[in-house]
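Letters A, B, ... are given to chains in the order of the sequence lines, protein chains preceding strands, and every chain is numbered from 1.
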Number of protein chains: 2
Amino acid sequence: MDWKILSLLQEDGRLSFTALGREVSLSAPAVTERVRRLESLGVITGFTAVVSPARLGLPIESIVRVRVRSLDTPRFRTQVLVLPQVLDADHVTGDDCWLLRVVCRSMVELEELVEVMQRYGDTTTSLVFSSHVRNRPLSPELFG
Amino acid sequence: MDWKILSLLQEDGRLSFTALGREVSLSAPAVTERVRRLESLGVITGFTAVVSPARLGLPIESIVRVRVRSLDTPRFRTQVLVLPQVLDADHVTGDDCWLLRVVCRSMVELEELVEVMQRYGDTTTSLVFSSHVRNRPLSPELFG
DNA sequence: CTTGAAATCCTGATCGC
DNA sequence: GCGATCAGGATTTCAAG
């Protein structure tokens, strides 16, 4: 039941509670309470509009791996992770330390960004040809 | 003006049009039309609930790089990219070809997934320690 | 979880700049 | 083209059962 609600809200985050109720055969206040509970449990962390960088004039998307020297990590976090072009930043195991997803307007801008990151460690940059899966909804099949 | 609307909707995708109108000093029908236009332009591609894999019992998150042999690419796409554990999949430049973000319940499950992917090419797996930036909203600063 | 009533919101038409 | 106002219908919210 909660899974059905989660699936529907991941598909359309603006579904009204009454529409949601119709789908799952529950009254509107009942689904409202379930959604509020999922929020307070931290299962649902928010609702958001999905925006296309390309349509906004940000045609370049790339993944930058940065091997940050440990002494430079604090400055890396305050100088690089706050840049608006950095859409995702994960600290990971392995030699690469950090994986950043970056969007920008041009290769020149990307070059500048990577030069900044180079100050904190070696980088490896991959340009994204195409995204075949983007933020796939979590589904009960994960527990099949 | 459209930027203000985009920022607010990326923060809270369920904001009502009247609340949105109050924030930007516009009437509800006016903001409604602007949002509809942003949707039809493809700037806003949808609305979604943001769900926490960890809170759902998926504590392992990892980035898998797969160097898929080109002859195996069609099967890779139909056999791997459809798995529910694969939340993101990008085709990228460079030696690695594919970058996948994967969530799962345990290291055993991750091992099985990586073994499947190994059938299509060499893999390199990085476990995510922590995500310091996750889906940062696109902001006008990108064009500062 | 459901019901029901009051407050709020959404939608379309119409008008004005 | 863009936004404001208004009325009718739908939705949200809160109380009570």
Distance, rounded to the nearest Å, where B/E33 contributes CD and C/dA13 contributes C1' = 13 Å
Would you tell me if any nitrogen or oxygen in the side chain of B/R22 comes within less than 4.0 Å of OP1 or OP2 on C/dC9?
-> yes
Could you work out which one of D/dT5, C/dC1, C/dT3 sits closest to the side chain of B/P29?
-> D/dT5
5′-ward residue of the pair B/A28/A/S25 relative to DNA chain C | A/S25
Output yes when a side-chain donor or acceptor of B/T48 lies under 3.5 Å from a complementary backbone atom of A/Q10, and no otherwise.
-> yes
Of the nucleotides D/dG3, C/dT11, C/dT2, which has the atom closest to the A/L26 side chain?
-> C/dT2
B/S126 side-chain N/O to A/G94 backbone N/O, donor-acceptor pair under 3.5 Å = no
A/F17 side-chain proximity, nearest of D/dT13, C/dC1, D/dG3 | D/dT13
Side-chain N or O of A/R36 less than 4.0 angstrom from OP1 or OP2 on D/dT13?
-> yes
Picking from D/dA4, D/dT11, C/dC10, which would you name as closest to the side chain of B/S16?
-> C/dC10
Verify the contact: side-chain N or O of A/T18 to OP1 or OP2 of D/dT12, cut-off strictly under 4.0 Å; return yes or no.
-> yes
Is the side chain of A/T45 donor-acceptor paired with the backbone N or O of B/V50 at a distance under 3.5 Å, no angle test?
-> yes
Can a cation-pi geometry be assigned to A/R14 and B/F17, taking NZ or CZ under 6.0 Å from the six-membered ring centre and within 45° of the ring axis?
-> yes
OP1 or OP2 of C/dC1 under 4.0 Å from side-chain N/O of A/R34 | yes
Ranking C/dC1, D/dT13, D/dT12 by distance to the side chain of B/R14, first place goes to D/dT12
Is A/S27 touching bases, backbone alone, or none of the nucleic acid, heavy atoms closer than 4.0 Å?
-> base
In whole angstroms, the gap separating P of C/dC10 from CG of B/L20 amounts to 9 Å
